[in-house]
Number of protein chains: 2
Amino acid sequence: MPHPAEPPPRGDARAEQRRRTEARILAAASDQFVEAGYERTTIRAIAQAAGVDAGLVMHYFGSKLALFEQVTKGGQLPPAPTGPPGQVAEQILAQLAGSLTTEPVRSLAMLRSMLTHPETTQAFREGTQRFRAQLAAAIPAPDADTRAALISALIMGVVMDRHLLKSGGLDTADPDQIIALLRPVLRTLTTADPPPDPA
Amino acid sequence: MPHPAEPPPRGDARAEQRRRTEARILAAASDQFVEAGYERTTIRAIAQAAGVDAGLVMHYFGSKLALFEQVTKGGQLPPAPTGPPGQVAEQILAQLAGSLTTEPVRSLAMLRSMLTHPETTQAFREGTQRFRAQLAAAIPAPDADTRAALISALIMGVVMDRHLLKSGGLDTADPDQIIALLRPVLRTLTTADPPPDPA
DNA sequence: GTCTATAAACCGATAGAC
DNA sequence: GTCTATCGGTTTATAGAC
């Protein structure tokens, strides 16, 4: 990834240095926010972890909230589960399988502060609403809304337990086993009829 | 103290007055902790909501942490899902039905601060582990541990979305509808293997 | 570009008056 | 039993030196 938008003119050591320290601060901030949440994370701790001064962090990002929003920017729920009704379950399972192995840092930062930081609560709420709406549209059932809400809550609980709570249940389990156990569950929730009647 | 939990003998207006204000403070603290979590809740705000001074709150409960522990004391997950393997699903559904309607204040206070307050994280972790162990013992399957962990995560996600996140999905849904939709899900997770899907 | 010094606000907790 | 006054610590954020 050479230069995405603004290619630094050749030999501009200043801008390059700034870009590096800024990235280092951002990485340190991500770790802290994911680990301790918004309130308990301090600018001082971020600066220390990044090897710089606290004033510099403020000078780059303006405020603690702005830095947090930079970290969580784009950390929404996965795009969309649109598709043919029969394949919705498999699409969700594929997305979840990815979430179980590779940790989406932005999403984890949002998840951690979801319950205690008002702005994050609202952001997550809106993301969940969009996710549910699209998912419900792909479920052919009169109570599709509630089904989509349950699937959303299930995914949230699973990801949260595995990556944040680490209670010893899902964080040590095999992802393939989790997916295999959730397959019939998601089939049940995404299809209308409980009795197996393939006609 | 001769009578710790006993009602004041008779005519002891002082003790009665104290008991009342103490209960008022405790109620205000519960509200604040459930609503805003441990970090954002302040002793001053609790005192103001209770109509007393901040110093009095400290004088009664000693510290903010002690007050929080008083609020969350006994706010664990429901006791135990022991029983015959065929009835485990129904027992869980019955417990969950109760959690959906009547709000367990102590549990909600724990849930709110579960991700951001270290002591609460640990307490919830231990409670979850006990719950999972007992549940897994009642599931006749080689991967009972993972099944129990998924059920635990599902319950957590559902209760959290309904009472805390209030994203508009499960908080507005009918409890009976939620239970009905989760019945086949829990049957699937608590029984080893229904006959493979009809092809 | 980076750091030092400091301002301004808020917190939990303590001591003591009434 | 309840409240006033205050201490000591931590926080974000700002202003300016190097």
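The chains referred to below are lettered A, B, ... by the order of the sequence lines, with proteins before strands, and numbering in each begins at 1. Please read all numbers here as calculations on a predicted model, not as lab measurements. Keep in mind that the numbers below use all heavy atoms, side chains included, and drop hydrogens, waters and symmetry copies.
- Between A/Glu39 atom CD and C/dC10 atom P there is a gap of 15 Å when expressed in whole angstrom units.
- At whole-Å resolution of the value, CG in B/Leu67 and C1' in C/dC11 are 15 Å apart.
- For the pair A/Ile46 CD1 and D/dT11 C1', the interatomic distance rounds to 13 Å; values are reported in whole Å.
- In summary, the side chains of B/Ser167 and A/Arg132 do present a donor paired with an acceptor at a separation below 3.5 Å, with no hydrogens or angles considered.
- For D/dT2, one of the phosphate oxygens OP1 or OP2 lies less than 4.0 angstrom from a side-chain nitrogen or oxygen of B/Thr21.
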Quick one: which protein N/O atoms are closer than 3.5 Å to N/O atoms of nucleotides 4-9 of chain C? Pair and distance per line, please.
none

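- Look at CD1 on B/Ile43: it is 21 Å from P on D/dT6, rounded to the nearest Å.
- The shortest distance between side-chain heavy atoms of B/Leu96 and B/Val159 falls below 4.5 Å.
- Looking at heavy atoms from C-beta onward, B/Leu182 lies in side-chain contact with A/Leu150 at the 4.5 angstrom threshold.
- For A/Lys64 and A/Glu69, the salt-bridge test fails: no basic side-chain N is under 4.0 Å from an acidic carboxylate O.
- Taking the side chain as every heavy atom from C-beta outward, A/Met160 and A/Met114 approach each other to under 4.5 Å.
- With distances taken from any side-chain atom of B/Ser63 to the nucleotides D/dA13, C/dA13, D/dT2, the minimum falls on C/dA13.
- At least one side-chain nitrogen or oxygen of A/Tyr60 sits closer than 4.0 Å to the OP1 or OP2 atom of C/dT2.
- Rounded to a whole Å, the NE2 atom of B/His59 is 16 Å from the C1' atom of C/dG12.
- One finds no salt bridge joining B/Glu35 and B/Arg40 here, because no Lys/Arg side-chain nitrogen approaches an Asp/Glu carboxylate oxygen to under 4.0 Å.
- Atom-to-atom, CZ of A/Arg24 to P of C/dT2 comes out at 8 Å; the value is rounded to the nearest Å.
- Looking at B/Arg19 and B/Glu22, no side-chain N of the basic residue comes within less than 4.0 Å of a carboxylate O on the acidic one, giving no salt bridge.
- Listed here is the closest heavy atom pair of A/Gln32 and A/Ala45: OE1-CB, 3.9 Å.
- Side chains of B/Gln122 and B/Glu126: a donor on one and an acceptor on the other come within 3.5 Å.
- Rounded to an integer number of Å, the gap from CD of B/Gln48 to P of D/dT4 is 13 Å.
- Rounded to whole angstrom, the span from the NZ atom of B/Lys64 across to the C1' atom of D/dG9 amounts to 15 Å.
- For B/Met58, the listed nucleotide lying nearest its side chain is C/dT14; candidates were D/dT11, C/dC3, C/dT14.
- Summary for the helix from C/dG1-D/dC18 to C/dC18-D/dG1: the axes at its two ends, each from 5 pairs, differ by 0° when rounded to the nearest 10 degrees.
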